[in-house]
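These notes concern the structure reproduced below.
In what follows, chains carry the letters A, B, and so on, assigned in the order in which the sequence lines appear, proteins first and then strands, with residues in each chain numbered from 1. Because the structure is a prediction, the values reported are computed rather than measured.
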Amino acid sequence: MSDSEDDRPLKAKAKSKDTISKADDAAMDKQIPTNGHVNPGISIAMGPVTDMDVDKPITNGHTNGKRKVSLANGKSYKDDSDSDDDVPLQKKRKTNTASSDDDVPLKKIVKPPKVTAAMVGEESDDDVPIGQKLQQEKEKIEKKAANEAKALRRKDKTNDAKRKIKKQADSDDDDDKPLIKKQKTALLNKEAKPIKKEESDDDVPLKKKAPAKKVKKEVVGPVKKGKTTGTVKQEEKSADDEEAEDEEEEYRWWEDQAKGDGTVKWNTLEHNGVVFPPEYEPLPKHVKMLYDKMPVTMKPDAEEIAYAFGSMLSSAHNVENPTFRKNFFADFKDMLDETGHAKDKDGNTIKIKQLEKCDFQPIFDHVDAERSAKKALPAADKKKLKAEKDEKEAAFMYCMWDGRKQKVGNFRVEPPGLFRGRGEHPKTGKFKKRVTPEQITINIGKEAMVPKPPDGHSWKEVKHDKEGTWLAMWQENINGAYKYVMLAANSDIKGKSDFKKFEKARELKKHIDTIRKDYHQELRSDVMATRQRATAVYLIDQFALRAGNEKGEEEADTVGCCSLKFEHVTLRPPETVIFDFLGKDSIRFYDEVKVDAQVFKNLKLFKRAPKTEGDEIFDRLTTSGLNKHLSNYMQGLTAKVFRTYNASWTMANLLRDMKAEGTVANKVLAYNAANRKVAILCNHKRTVAATHGAQMEKMEGRIDGLRYQQYRLKQQMLDLETPAKLKKKRGEAYFALPEGLDEEWVAKHQEALVEETRDKIRKKFEKENEKLAAEGQKEMKGKELEERMEVADEMEAKFKREHKKGGKIEAEGKGPTVEKLEAGVEKLDTRIATLKIQSEDRESNKEVALGTSKINYIDPRLTVVFSKKFDVPIERFFSKTLREKFDWAIKSVEEDWEF
DNA sequence: CAAGGGTACTCGGTTCGTTCCGG
DNA sequence: CCCGGAACGAACCGAGTACCCTT
């Protein structure tokens, strides 16, 4: 086991040793900071993690490392002791082998007992690691058979059976085994039919047949065009039908356990393809880019790139970015070279050599004018335009998936433009080219009519891949990334996979204790690879780090757990770790946390010289290796499942421990606070809005205004009863000017109040006049305004009077009493309190994005349960689209459901 | 495996358009 | 009742994860 550094690939400069000796370990005990630049001072209150803390809750912080979330749960699951038959084995192995691939043979031992008939209906995981081919085959067959049998037993037998036939008729038979074949033939003999035919009546899910009357079908979209609308059929549905919760029409797939665990995603699929962006319209003759102050003309293809740049001049952030400029200009010049150079007004060739000499302002002005014109359009016109667009696109919005109408998510092909990218992306500014039909692959049912490509064009390919959920696909020219047209979030298929995701996370609950126990043990392994792996799992579990795939040179320089580098982790003895790196989307991950002493030691070890900046901390670990290890515990367990699990688990605990008190608004606020904790755990950040500071000040101002009002009411009490008596009763402080306010502030505030009142009166006056004028009546005279202004004048006078009397405030209102004033003070108290909460809420939310965790990480059933238990309408938590997306959750759980 | 390309899917913040709300 | 801006929601499209297959 040689460990020479030179047999490593070039990019890895320094690597850890294969094994860790006692001496190595001991060396790590010496508490020397491995990194000089630690910013001391902030320490975090966080329970130390010990080996005993196996089901320790998530703890995490964010920015500034100031706050920490720490959740108590400490619940343990007894039921997993018998399900973790792989663990002891692992430990055994490790003790007598020093090789780093100690997990490979394991899998064989782990797998077999998994598949039982009982599980078939429940388990939804179908990804079996490689090297399991045979096993996989067998499992597949068994599952399939069981499913088949089950499906047949279902009440909607005919329908299901039919699908099966189609499925098998279409699929290449390579995994068909006797059992299935038997069924298949039987079915085929019974009622095989050409698919097209089925559309008459019997393709409709059985349930629908019951009413029998209105199973009519209709061509979607503008019939007259007749081009691309040929095949997509849909039911005729009246608008109110949509709302009328028609039990019979709905497909409750989440109750349909027999389906959804194969890899075949559909049996029939019909759709109309994609919508292309409008062709580029060359600029009007008088709008030209200037080169060296001279207007130049170029071919539309080149002009389109200039146009893209010119129309974003207002985005200084991009336009002034050197990389952006460089990339843009390179692509621009290339296109000029390709299409013929720019010409001046006399037709002379102008060679464009310097971006600095290009003046895009005329283009920008033109675009800007067009934008404003569009904005200024009368509402009616806008509506009309929108209606036209909607009609054109109607045919593309839906598809027929296994006979059910489903919404398509992104049916529009992405328009050309300048690529932005996130963070310091090396390719920012490059021109993202127009996608042609020739680049687009269509995925569609064999029997369905293939959408017609635009005239004179053809598709790259037409596939009938039932294992894919996409309808169309192309490759983008910047990163070579694949772009897919898939169904919308509220579709059955997306719902199913969402459901599967959360069920998988819930399953992790059963294994988490074992996993935690194991990694705590393996933190001490003398095999470097194992120890690194254990440490990584620890970080992923505790701090919700992402897996951290390797990335290429041509991508933004961001990392996750496995790709953390030397400089991203700073150690501050005794056991504080400071993470500071750019994660996904170049979002900064900054956190100071206390970790298990052994983890601290390990990180120190993994950072040991000769490693230095740029070297990977987990040099013996890849995401696939890590995931492979995890999948030993549970089928389909990967690093990202921990994020889902921890997020939902955190939310579950927060909601469970919540008290059902207060108003609906209070409950919503409390829910949002929990949501926020999860968002912070997942490091979901957003940039602070430019207006945030001003908004906060405004709110503070409003609060101060209310406090001043309170002060005035209290002063009025003194006007009603003997001050000395009152003061004795309430205390001097009760009547003092609120903290933070002083004479100067009061003077200003009063001035502002008066001014405000005047403003309001004036505005109202003017508006009324306008109205009168519009109606052809006589306008009011200036005198009327003056009269109205008296209110403000009086106010001003009152303030003056008070000032003269040394601040004494006379009681106002009809029949003022101390009691009435006091009631007023109390009312203000509540208003102030709510405002304060709002303000705090806003402040703590300024850089946290709640949406992502709500949409992707928090099991929606938790929210549904909360909504039911606390009697808050679900609308307060889920928007319309979210309610559609989480339809399955809303309809499937009762109050007692637990994550 | 390893390394690397290929593919398909989820996750993610920003932008843009609409609605809501206080004055 | 209207207006302006803030809040909200949907659209957009970029960036990850994960796993496959090949050499």
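- In the interface, the side chain of Lys640(A) is not paired with the base of dC11(B) through any donor and acceptor atom under 3.5 Å apart.
- One can place NZ of Lys483(A) at 13 Å from P of dG16(C), the figure rounded to the nearest angstrom.
- Nucleic acid contact for Lys432(A): sugar-phosphate only, since backbone atoms but no base atoms lie under 4.0 Å from a heavy atom of the residue.
- A sub-4.0 Å separation between OP1 or OP2 of dA15(C) and a side-chain N or O of Ser586(A) is absent.
- At a threshold of 4.0 angstrom between heavy atoms, the contacts of Ser497(A) are confined to the sugar-phosphate backbone, with no base atom among them.
- Note on Ala556(A): nothing from the nucleic acid sits closer than 4.0 angstrom, heavy atoms only.
- Under the 3.5 Å distance criterion, with hydrogens and angles disregarded, no donor-acceptor pair is assigned to the side chains of Asn490(A) and Gln406(A).
- Taking atom CH2 of residue Trp474(A) and atom P of nucleotide dG6(B), one finds them 19 Å apart after rounding to whole Å.
- Remark: P of dC8(C) and CG of Asp841(A) are 10 Å apart, rounded to the nearest angstrom.
- Side-chain nitrogen and oxygen atoms of Thr623(A) include none within less than 4.0 Å of the OP1 or OP2 phosphate oxygen of dA18(C).
- Below 30°, between 30° and 60°, or above 60°: for Trp888(A) and Phe499(A) the angle between ring planes is above 60°, a perpendicular geometry.
- Place Lys494(A) and Thr852(A) on DNA chain B by their nearest nucleotides, and Lys494(A) ends up nearer the 5' end.
- Sequence order on DNA chain B of the closest nucleotides to Gly468(A) and Ser853(A) puts Gly468(A) first from the 5' end.
- Side-chain atoms of Asn627(A) lie closest to dA18(C) of the nucleotides dC13(C), dA18(C), dG12(B).
- Between Tyr671(A) and Phe877(A), the two ring planes are tilted [angle within 30° to 60°].
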Tell me, with the steps shown, if Ser563(A) and Lys551(A) meet side chain to side chain contact (heavy atoms under 4.5 Å, CB included).
CA-CA 9 Å; Ser563(A) 48; Lys551(A) 293 186 75 184; over 6 Å; no

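- With respect to Asp390(A) and Lys386(A), a salt bridge is recorded, a charged nitrogen being found less than 4.0 Å from a carboxylate O.
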Decide yes or no on salt bridge (charged side-chain N to carboxylate O under 4.0 Å, His left out) for Glu847(A) and Arg686(A), but give the supporting numbers first.
CA-CA 5 Å; Glu847(A) 52 180 15; Arg686(A) 59 174 181 177; over 6 Å; no

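- If you check dG14(C), dA8(B), dG12(B) against the side chain of Arg643(A), the one that comes closest is dG12(B).
- Considering SG of Cys561(A) and CZ of Phe579(A), their distance stands at 7.5 Å, rounded to 0.5 Å.
- Checking dG14(C), dC11(B), dC12(C) against the side-chain heavy atoms of Arg412(A) singles out dC12(C) as nearest.
- For the pair Ser624(A) and Asp585(A), nearest-nucleotide mapping onto DNA chain C gives the more 5' position to Asp585(A).
- Between His425(A) and Ala547(A), the one whose closest nucleotide on DNA chain C sits nearer the 5' end is His425(A).
- For the pair Lys584(A) and dG14(C), the criterion of a side-chain N or O lying under 4.0 Å from OP1 or OP2 is not met.
- The side chain of Met486(A) approaches dC9(B) more closely than any other nucleotide in the set dC9(B), dA15(C), dC1(B).
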Atom pairs under 3.5 Å: protein N/O with N/O of nucleotides 2-5 of chain C:
none

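- A salt bridge links Asp841(A) with Arg676(A); the closest basic N to acidic carboxylate O contact falls under 4.0 Å.
- For the pair Asp498(A) and Lys501(A), the salt-bridge criterion is met [side-chain N within less than 4.0 Å of a carboxylate O].
- Residue contacts for Thr691(A): at a heavy-atom cut-off of 4.0 Å it reaches no nucleic acid atom on any strand shown.
- More than 12 heavy atoms of other residues, nucleotides or ligands sit less than 6.0 Å from atom CD of Glu388(A).
- For Glu507(A) and Lys504(A), the salt-bridge test fails: no basic side-chain N is under 4.0 Å from an acidic carboxylate O.
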Protein-nucleic acid N or O pairs under 3.5 Å, nucleotides 14-20 of chain B:
{"from": "dT14(B)", "atom 1": "OP1", "to": "Thr687(A)", "atom 2": "OG1", "distance (Å)": "3.3"}
{"from": "dT14(B)", "atom 1": "OP2", "to": "Thr687(A)", "atom 2": "N", "distance (Å)": "3.4"}

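- What separates NZ of Lys496(A) from P of dC9(B) is a distance of 13 Å, to the nearest Å.
- Here Glu503(A) does not pair with Lys500(A) in a salt bridge; the nearest charged N to carboxylate O distance is not below 4.0 Å.
- For Arg420(A), the CZ atom counts as loosely surrounded, since its 6.0 Å shell holds 12 or fewer non-hydrogen atoms of other residues, nucleotides or ligands.
- A close approach under 4.0 Å does not occur between any side-chain nitrogen or oxygen of Tyr857(A) and OP1 or OP2 of dT10(B).
- OP1 or OP2 of dC1(B) lies within a sub-4.0 Å distance of a side-chain N or O belonging to Lys628(A).
- Taking the six-membered ring where the residue is Trp, Trp266(A) and Trp401(A) present perpendicular rings, their angle passing 60° and hence far from 30°.
- Atom CG in Leu564(A) sits roughly 14 Å away from atom P in dG16(C) (whole-Å rounding).
- Using a 4.0 Å heavy-atom cutoff across all strands shown, Gly548(A) reaches sugar-phosphate atoms only and no base atom.
- Residues of residues 875-883 of chain A having a heavy atom closer than 4.0 Å to DNA chain C, listed by number: Ser879(A), Thr881(A).
- Dashed line: the shortest gap from a side-chain N or O of Asn549(A) to OP1 or OP2 of dG16(C) is not under 4.0 Å.
- Per the geometry, CZ belonging to Phe581(A) stands 12 Å off P belonging to dG16(C), to the nearest Å.
- Protein atom CG of Leu621(A) is 15 Å distant from nucleotide atom C1' of dA18(C), rounded to whole Å.
- When rounded to the nearest whole Å, the span between CD of Glu554(A) and P of dG4(B) equals 15 Å.
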